[in-house]
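Notes follow the structure.
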Amino acid sequence: MQPIQSVKGMNDILPEEIALWRFAEEKAREIFQRFGYSEIRTPIVEKTELFTRGIGEATDIVEKEMYTFQDKKGRSLTLRPEATASIIRAYIQHQMHVKSHQKKFYLIGPMFRHERPQKGRYRQFHQINVEVFGIDEPMLDAEVMFLACLFLREIGLKEVSLEINSLGCPNCRISFREILQEYLLQYQESLCPDCNRRVYKNPLRCFDCKAPQCKEILSNAPLILDFICDSCNRHFQEVQNFLRELNVEFIINGRMVRGLDYYVKTAFEIVTEHLGAQNAVGGGGRYDGLMKDLGGPDLPGIGFALGMERIILLLKDSAKLQQDNNQMIYCVLLGDRARAEGFKLAQKLRSEGFIVDLSYEDRSAKSQMRTANKMGARMAIIIGDDELSQGVVQLRDMHRSSQWVVEIEELVPELRSILNES
RNA sequence: GUGGAUGUAGCUCAACAGGUUAGAGCACUGGGUUGUGGCCCCAGAGGUUGGCGGUUCGAGUCCGCUCAUCCACCCCA
């Protein structure tokens, strides 16, 4: 009989890794809270239409990467491939623009995209998302990017860089689109088949192409930065000024375009060279028309997403933090009476707040001690018939290799003082 | 969706050109100390060589199919 495996591209997060995940998540919560953000959690399943309208019909995500299925009444539902659309949906649905002053949100959770898995890319993956609605000030754009960088720095990721660009507003983009299209059509025969398609559908995306001949053609292509309108340009300049004031290092990448249709003006990515083919740790940008497109008030928005798995991958080869069992107490029980008494004692210690494990099997003292050692326990409590008859236990400090006798009544204060001082 | 690589013990890998009973290190269990960890020594357990089929006197090894994983394309977090 074949054992059942997890679904392709959907991975278990095992206990050894959990410490890293919690570390990153808790750090995110703490920092976002400090900046005035509130956590929000939305369902993992939404009506398919939310994403087709929100992300854009012509994007790869919508065209071929969504987990879409029918429910029992024939409605089309989809496992969320990203979070922004859901958060906006919730914001509109609960009329938060009139009912509350809350406009800054973060969400941590799983997303789903049906792609072929590879390093740093999975079918179920986790994102940390940040979204702000109702403010279109460049100051906020800068602060949002600062926040993303601050978080990565505080969890210890150094070798990442921030790339920014402006994609203009819908007005300047339409005219630039034509200019770019005209340029690209001159070289139509040399462009790869994909780019030949993109020239008509979404010429901006040709900038993402990695085919050598396309790269060369694009290297001389007009850049949107040279064509954005005055107001977009002013916005972009101010964003840069605020970034400098916040001491955020960045580079302008005029060839960066993002894969989701809704971005306008500020777009950014945080990239690294240590993730194989996946170089983005996170990315985001402004999406001023999106809330209105989804049937809500005409409020601007900006946000970003960070890829948890990618962060964890980077964290793993840089800072190696080890599981901390420094506070654990392991009970070594010798003989039937000791096993019965020790079992009760373990529960008592747990109720006092100690982290306690014990040997459930009747094994030799040596093997129980070995187990205590392997688990990294700080203290061992050794209980045998001799000790029981005298109302005491042996207490062993596994780090210092010292051992002494303690009255059972004195055990709790004794343990407390040892564990507190270390 | 396309291409490439790899599947042998829990892990990392061996096994000459097809040839007995598929090995080693680490990990695991027990012992060396009638009740004491890490180091050391001894012993033990653990495999339908991913699966199915084919060639052959004989297949871990060769062939076909299939499944899985990884990497890359594509795209993105």
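A note on names: the letters A, B, ... follow the listed sequences, proteins ahead of strands, and every chain is numbered from 1.
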Do the charged groups of [X] and [Y] touch, with an N to O distance under 4.0 Å?
{"X": "A:Arg113", "Y": "A:Glu82", "answer": "no"}
{"X": "A:Glu341", "Y": "A:Lys344", "answer": "yes"}
{"X": "A:Arg89", "Y": "A:Glu46", "answer": "yes"}
{"X": "A:Arg258", "Y": "A:Glu269", "answer": "yes"}

Classify the side chain of [X] and the base of [N] as holding, or not holding, a donor-acceptor pair under 3.5 Å.
{"X": "A:Arg370", "N": "B:G38", "answer": "no"}
{"X": "A:Arg310", "N": "B:C76", "answer": "yes"}
{"X": "A:Gln403", "N": "B:U36", "answer": "yes"}
{"X": "A:Arg116", "N": "B:U2", "answer": "yes"}
{"X": "A:Ser401", "N": "B:G37", "answer": "yes"}

Got more than 12 heavy atoms from elsewhere within 6.0 Å of [atom1], [X]?
{"X": "A:Arg41", "atom1": "CZ", "answer": "no"}
{"X": "A:Met139", "atom1": "CE", "answer": "no"}
{"X": "A:Phe343", "atom1": "CZ", "answer": "no"}
{"X": "A:Arg34", "atom1": "CZ", "answer": "yes"}
{"X": "A:Glu182", "atom1": "CD", "answer": "no"}

Between [atom2] of [N] and [atom1] of [X], the distance in whole Å:
{"X": "A:Phe304", "N": "B:C76", "atom1": "CZ", "atom2": "C1'", "answer": "17 Å"}
{"X": "A:Asp362", "N": "B:G35", "atom1": "CG", "atom2": "P", "answer": "10 Å"}
{"X": "A:Leu334", "N": "B:G35", "atom1": "CG", "atom2": "P", "answer": "7 Å"}
{"X": "A:Arg363", "N": "B:U34", "atom1": "CZ", "atom2": "P", "answer": "18 Å"}
{"X": "A:Ile128", "N": "B:A77", "atom1": "CD1", "atom2": "C1'", "answer": "11 Å"}
{"X": "A:Glu361", "N": "B:G30", "atom1": "CD", "atom2": "C1'", "answer": "13 Å"}
{"X": "A:Gln127", "N": "B:A77", "atom1": "CD", "atom2": "P", "answer": "6 Å"}
{"X": "A:Gln394", "N": "B:U36", "atom1": "CD", "atom2": "P", "answer": "12 Å"}

Could you measure between the two [atom1] atoms, the one in [N] and the one in [M], and give it in whole Å?
{"N": "B:C41", "M": "B:G7", "atom1": "P", "value": "32 Å"}
{"N": "B:U56", "M": "B:U61", "atom1": "C1'", "value": "13 Å"}
{"N": "B:C26", "M": "B:G64", "atom1": "C1'", "value": "37 Å"}
{"N": "B:G32", "M": "B:G38", "atom1": "P", "value": "13 Å"}
{"N": "B:C67", "M": "B:C52", "atom1": "P", "value": "15 Å"}
{"N": "B:G51", "M": "B:C42", "atom1": "C1'", "value": "40 Å"}
{"N": "B:C13", "M": "B:G60", "atom1": "C1'", "value": "14 Å"}
{"N": "B:C40", "M": "B:A59", "atom1": "P", "value": "42 Å"}

Per the under-4.0 Å heavy-atom filter, residues of residues 249-258 of chain A near RNA chain B come out as A:Arg258
The correct set of residues in residues 6-14 of chain A placing a heavy atom under 4.0 Å from RNA chain B is A:Lys8
[N] OP1/OP2 closer than 4.0 Å to side-chain N/O of [X]:
{"X": "A:Lys374", "N": "B:C28", "result": "yes"}
{"X": "A:Gln118", "N": "B:C71", "result": "no"}
{"X": "A:Lys64", "N": "B:C76", "result": "no"}
{"X": "A:Ser364", "N": "B:G31", "result": "yes"}

With the side chain defined as heavy atoms from C-beta on, A:Lys119 is closest, among B:A72, B:U36, B:C73, to B:A72
Is [X] touching bases, backbone alone, or none of the nucleic acid, heavy atoms closer than 4.0 Å?
{"X": "A:Val281", "result": "sugar-phosphate"}
{"X": "A:Gly120", "result": "base"}
{"X": "A:Glu387", "result": "base"}
{"X": "A:Gln5", "result": "sugar-phosphate"}
{"X": "A:Asn129", "result": "nothing"}

Correct closest heavy-atom pair for A:Ile383 and A:Glu387 would be C-OE1, 4.1 Å
* Asked: Do the rings of A:Phe227 and A:Phe176 sit parallel, tilted or perpendicular, given the 30° and 60° boundaries?
  -> tilted
- Should the ring pair A:Phe146 and A:Phe35 be called parallel, tilted or perpendicular, given that the plane angle runs from 0 to 90° and is split at 30 and 60? tilted
For RNA chain B, the dot-bracket notation using Watson-Crick and G-U wobble pairs below 3.5 Å, [ ] for pseudoknot-type crossings and | for other-strand pairs, is (((((((..((((.....[...)))).(((((.......))))).....(((((..]....))))))))))))....
Assign each of A:Glu309 and A:Ser367 the nucleotide of RNA chain B bearing its closest heavy atom; nearer the 5' end lies the nucleotide of A:Ser367
Residue pair A:His114/A:Lys366 against RNA chain B: nearer the 5' end by closest nucleotide is A:His114
Looking at A:Phe133, I'd like to know if the NZ or CZ of A:Lys103 sits under 6.0 Å from its six-membered ring centre while staying within 45 degrees of the ring's axis. no
*Can you tell me if A:Ser38 and A:Gln102 form a side-chain donor-acceptor pair at under 3.5 Å?*
yes
So, do A:Tyr106 and A:Phe32 have ring centers that fall under 6.0 Å from each other?
-> yes
